[in-house]
*Asks:* 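Have a look at this one before I ask anything.
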Amino acid sequence: MSDWNRLNSTAYVANDETGNFMYAAHVLLAIVMIIGGSLQLIPAMRKKHPRFHRYNGRIFVLLACTISLAGIYLMLARGTVGNTLMHGLTIFGGCVVILSSILAVIAARKRNIGLHKRWAIRLYLAANGVLFFRLMIFAWFLLFGTLGVDPTTFTGPAVLAVSICSYVLPLLIAELVRYAEGTTNKVITIATASLMVMIAIIFLVGLFGVVLANWFPAIVNL
């Protein structure tokens, strides 16, 4: 278990069984949550397998809340890189997860499908905020190096901007997409579609950076 610290210096702490359990839950359950949550977004899956959608949704809500609470606990108990504002943004994301979970479930129980969908999307975006942060920060490193980043403290205007974009911007973009779906204004539709393409490209660059700098060396050096 001490090998966890090869990728995260605060992952394993000797004689801290609660914290180590929280870290394991935070990381390992995230794999299941990301896969299960992505399946919820496929229209054909919702239409052809409604029972799976309902049970998978319940599992996703449970995992998202558990992971968020574990992450908040670890941040408060062990600390992490960055400054107080960054920590606040991360906690904000966790609170959005919990609030969205509650409201998505309430809307589903009331058979208000439109409202349920909106809160479920907000939940999905907030639950993946940490993943968005990693993809965007590695994209920044690949394109601009450490410009705007203090590598020692992992602070700076670039890190703060990426934090805001990871936790707040996805929620705003979701509202823009929802508005674009219901408008006949082609300019808004094209601009929204272009924005989504740009985000996809940024994520692909970030994914390449994560693999190159983090995942691939970790696998090779096992």
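Only a predicted model underlies this, so the values are computations on that prediction, with no experimental measurement involved.
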*Asks:* Apply side-chain contact (heavy atoms from CB on, under 4.5 Å) to the pair Leu89 and Leu160, showing each step before the final yes or no.
*Replies:* CA-CA 9 Å; Leu89 286 168; Leu160 179 58; 4.2 Å; yes
*Asks:* Tell me whether Leu103 is reachable from Val61 by hopping between hydrophobic residues (I, L, V, M, F, W, Y) whose side-chain heavy atoms are closer than 4.5 Å.
*Replies:* no
*Asks:* Over 60° means perpendicular and under 30° means parallel, so tell me whether His116 and His53 are parallel, tilted or perpendicular.
*Replies:* perpendicular
*Asks:* Is it the case that the side chain of Asn20 and the backbone of Ala14 share a donor-acceptor pair, with hydrogens and angles ignored and the cut-off at 3.5 Å?
*Replies:* no
*Asks:* Hey, what's the ring geometry for Phe132 with Phe203, parallel, tilted or perpendicular (30° and 60° as the breaks)?
*Replies:* parallel
*Asks:* For Arg134 versus Val130, what's the shortest heavy-atom pair and its separation?
*Replies:* NH1-CG1, 2.5 Å
*Asks:* Check Ser68 against Val97 and note the closest heavy-atom contact, atom names and distance.
*Replies:* OG-CG1, 3.3 Å
*Asks:* Which heavy atom of Ala126 sits nearest to which heavy atom of Gly93, and what is that distance?
*Replies:* CB-O, 3.8 Å
*Asks:* Once rounded to the nearest 0.5 Å, what's the spacing between atom CD1 of Ile91 and atom CE of Met75?
*Replies:* 5.5 Å
*Asks:* Taking the basic N atoms (NZ, or NE/NH1/NH2) and the acidic carboxylate oxygens, is any pair closer than 4.0 Å for Arg178 and Glu181?
*Replies:* no
*Asks:* I'd like to know if the side chain of Thr66 and the backbone of Leu62 have a donor-acceptor N/O pair within less than 3.5 Å.
*Replies:* yes
*Asks:* With rounding to the nearest 0.5 Å, note down the distance linking CG in Leu41 to NZ in Lys117.
*Replies:* 9.5 Å
*Asks:* State, with a plain yes or no, whether a side-chain heavy atom of Ile188 is found less than 4.5 Å away from one of Thr192.
*Replies:* yes
*Asks:* Quick check: is Leu76 connected to Met86 through a chain of hydrophobic side chains (ILVMFWY, heavy atoms under 4.5 Å apart)?
*Replies:* no
*Asks:* Should Val105 and Leu115 be regarded as members of a common hydrophobic cluster, given that ILVMFWY residues are connected when their side-chain heavy atoms come within less than 4.5 Å of each other, either directly or indirectly?
*Replies:* no
*Asks:* Which distance, rounded to the nearest 0.5 Å, do you find between the CG of Leu135 and the OG of Ser166?
*Replies:* 8.5 Å
*Asks:* Look at the side chain of Asn56 and the backbone N and O of Gly36, then say whether any donor-acceptor pair between them is shorter than 3.5 Å.
*Replies:* yes
*Asks:* Nearest heavy-atom pair of Ala127 and Met33: which atoms, and what distance?
*Replies:* O-CE, 3.6 Å
*Asks:* Within this structure, what is the OG-CG distance for the pair Ser100 and Leu171, rounded to the nearest 0.5 Å?
*Replies:* 7.0 Å
*Asks:* Under 4.5 Å between side-chain heavy atoms, counting indirect links through other Ile/Leu/Val/Met/Phe/Trp/Tyr residues: same cluster for Met22 and Val13 or not?
*Replies:* no
*Asks:* Rounded at 0.5 Å granularity, tell me how far CG in Leu123 sits from CD1 in Ile98.
*Replies:* 10.5 Å
*Asks:* Is there a side-chain contact between Val159 and Phe133 (heavy atoms, below 4.5 Å)?
*Replies:* yes
*Asks:* Roughly how far, to the nearest 0.5 Å, is CD of Glu175 from CD1 of Ile173?
*Replies:* 11.5 Å
*Asks:* May I ask you to test the Phe141-Val149 pair for a side-chain heavy-atom distance under 4.5 Å?
*Replies:* yes
*Asks:* What I'd like to find out is whether the side chain of Leu125 reaches to under 4.5 Å of the side chain of Val96, using heavy atoms alone.
*Replies:* no
*Asks:* Report yes if the side chains of Leu195 and Leu176 come closer than 4.5 Å at any heavy-atom pair, otherwise no.
*Replies:* yes
*Asks:* Is there a side-chain contact between Ile34 and Asn128 (heavy atoms, below 4.5 Å)?
*Replies:* yes
*Asks:* Under 4.5 Å between side-chain heavy atoms, counting indirect links through other Ile/Leu/Val/Met/Phe/Trp/Tyr residues: same cluster for Leu204 and Val211 or not?
*Replies:* no
*Asks:* Between Asn185 and Thr183, which heavy-atom pair has the shortest distance, and what is it?
*Replies:* N-OG1, 3.1 Å
*Asks:* Kindly check if the number of other-residue, nucleotide or ligand heavy atoms within 6.0 Å of CZ (Phe208) is above 12?
*Replies:* no
*Asks:* Are Val168 and Phe92 packed together at the side-chain level, in the sense that at least one heavy-atom pair is separated by less than 4.5 angstrom?
*Replies:* yes
*Asks:* What pair of heavy atoms forms the shortest contact from Ala174 to Ile121, and how long is it?
*Replies:* CB-CG2, 4.2 Å
*Asks:* Hey, what's the ring geometry for Trp140 with Phe144, parallel, tilted or perpendicular (30° and 60° as the breaks)?
*Replies:* tilted
*Asks:* Stepwise, does the side-chain contact (heavy atoms from CB on, under 4.5 Å) test hold for Ile106 with Ile102?
*Replies:* CA-CA 6 Å; Ile106 292 175; Ile102 294 171; 3.8 Å; yes
*Asks:* Side-chain contact test, heavy atoms from C-beta onward, threshold under 4.5 Å: evaluate it for Tyr73 versus Thr18 and give yes or no.
*Replies:* yes
